[in-house]
Amino acid sequence: MTVATFLDTLQARIPANAIVTDADAIAPWLTDWRGRWTGASPALLQPSTTADVAAIVQAAKAHGVALVPQGGNSSMVGGATPPADGSAVLLSLRRMNCIRALGPDHAVVEAGVILETLQNAAAEEGARFPLDLGARGSATVGGLASTNAGGTQVLRFGTMRAQVLGMEAVLSGGLIHDSLSGLKKDNRGVSLDHLLIGAEGTLGVITALRLRLVPGKVQRAAAWIGLDDPHQALALLRRLEAATDRIEAFELIPDASLQRVLRHIPQTRAPLAGSWPWHVLVEAVVSAADEPPQQLLEQLLGDAPIGDAVIAQSDAHTEAMWRIRHSISEAERTDGPAAQHDISLPIDHVPAFLTEEARLIERRFSGTEATGYGHLGDGNVHFHVRAAAGAPRDWADGPEGKAVSALVHDLVTRAGGSISAEHGIGQMKKDELARLASPARMQALRAIKSAMDPHGIFNPGKLV
Ligand code: MLT
Ligand code: ZN
């Protein structure tokens, strides 16, 4: 029962090039993209067929070896980083990158297909995959489904869960679950698809997905809006929602985050001439035959109580606005230690959280700066508490950073919110989930884990 005999067994069952043992080739996949966690793995398995994944899972059970499924390695919570003791083997899905079918309203894609590749392939068919996020160039659809990823277009189309019409997955012992035919109605008990979505690879390995596409012949335009405070932003969101269903994104950005992007990300410019404490990036998407989205935005914003606004007049201008938004994460990372939280709240509570609760946290931890940016339309903000000047690089993992996170999570839980809106639990929030989730949730999560993964093969040390 060792990793060595497991790998020996696999030699006979899967192609030789699916087993990598060269330490230099494995190394880039052992650390998460933010550089927060580093694991160890004696091998990197990179199957290119579902049958090979099934053979790997079967052998893993026989030899008692755990597997860590990995897509683009863009997890925000260490969800795809193996344990540091080398007891588990990395299972990369990146070579399963075939688009098996593509029609006007759906695509059947293997787990390793990169989000941007799917977006481009859909566009060539006159369709659109309605989910987008900053890591589109590396995140794979398997990882997106496993984490029920969100991103910036959730407002209109929902999270990844809403895009999945069916899936193929390898379950315990190597059995294959297949719902790729995408039935609209299927009441054969609990949905296995929905158990696997958001399970972070702890219940099985997703190998392919049938995903929803929406009509792609559209015109889009963004507007950048300057505001006094998040309350004004929420009022604007409500006003837009009441007037149209064409708004696809509504992103709230504090000036501190904008300034960080302008400082750290080359070729970015402030969208507005004046300075505002808060900003909103809103995007309207209309069908190709409709009046231009700029007109719609002009009508909607014309007499709205806002500070200032600029409406993008070209695709390049819209892209420039989005580039700022999608660079925030990177700019925030460059700018010194911060305890980062991916929280959601009942939407009406978000402005108060970003003002009153944020000030409370700053008072409690002197010298810190608390602010949040992100998907106001989904009640989801990335709430960062920046350390006082001079704090060590690993401040967020030290006693004060942890105390800050515990307070943030307590406040969120008290308000009926979630300590993980779209990034998942991974290894980062496992203890906090256990501390704060209701006994009902924890009992069910643990029971599902032991029922679906009785041998503890799938992604050990994550989620529960
Ligand atoms: C975002 O919205 O930019 C992403 O979820 C990443 C982040 O938390 O910064
Ligand atoms: Zn986000």
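Order of appearance sets the numbers: ligands from 1, and atoms from 1 within every ligand.
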Heavy atom of the protein closest to atom 8 (O) of ligand 1 (residue, atom name, distance):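 Here the closest protein heavy atom is H423 CE1, 2.8 Å.
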The Zn ion (ligand 2): angle it makes with NE2 (H382) and OE2 (E422), nearest 10 degrees: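 Output for this angle: 90°, rounded to tens.
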Got a salt bridge between [X] and [Y], using NZ or NE/NH1/NH2 to carboxylate O under 4.0 Å?
X    : Y    : value
R136 : D132 : yes
E200 : K462 : no
D348 : R238 : yes

Validation row: V218, P293 side chains within 4.5 angstrom (heavy atoms):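 Of all side-chain heavy-atom pairs linking P293 with V218, none is under 4.5 Å.
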Numbered atoms and elements of ligand 1 in range of H375, under 4.0 angstrom, heavy atoms: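 Matching atoms, with element in brackets: 2 (O).
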Per-atom contacts, ligand 1 versus M76 - under 4.0 Å to a heavy atom: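 In order of number, 6 (C), 7 (C), 8 (O).
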Passing candidate, side-chain hydrogen bond (donor to acceptor under 3.5 Å, both in side chains) with H382, options H375, E332, H341: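 For H382, the side-chain hydrogen bond (donor to acceptor under 3.5 Å, both in side chains) check succeeds only for H375.
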Among H341, E332, R325, H384, closest by any non-hydrogen atom to atom 3 (O) of ligand 1: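 The residue whose heavy atom sits nearest atom 3 (O) of ligand 1 is R325.
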H423 N/O/S atom closer than 2.8 Å to the Zn ion (ligand 2):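 No N, O or S atom of H423 is closer than 2.8 Å to the Zn ion (ligand 2), so no.
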Ring-face cation contact, W322 with R220, 6.0 Å cut, 45° max: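 No, R220 does not sit over the ring of W322.
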Mode of Y373 contact toward ligand 1 - side chain, backbone, both, neither (heavy atoms, under 4.0 Å):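 Y373 to ligand 1: side-chain contact only, backbone stays beyond 4.0 Å.
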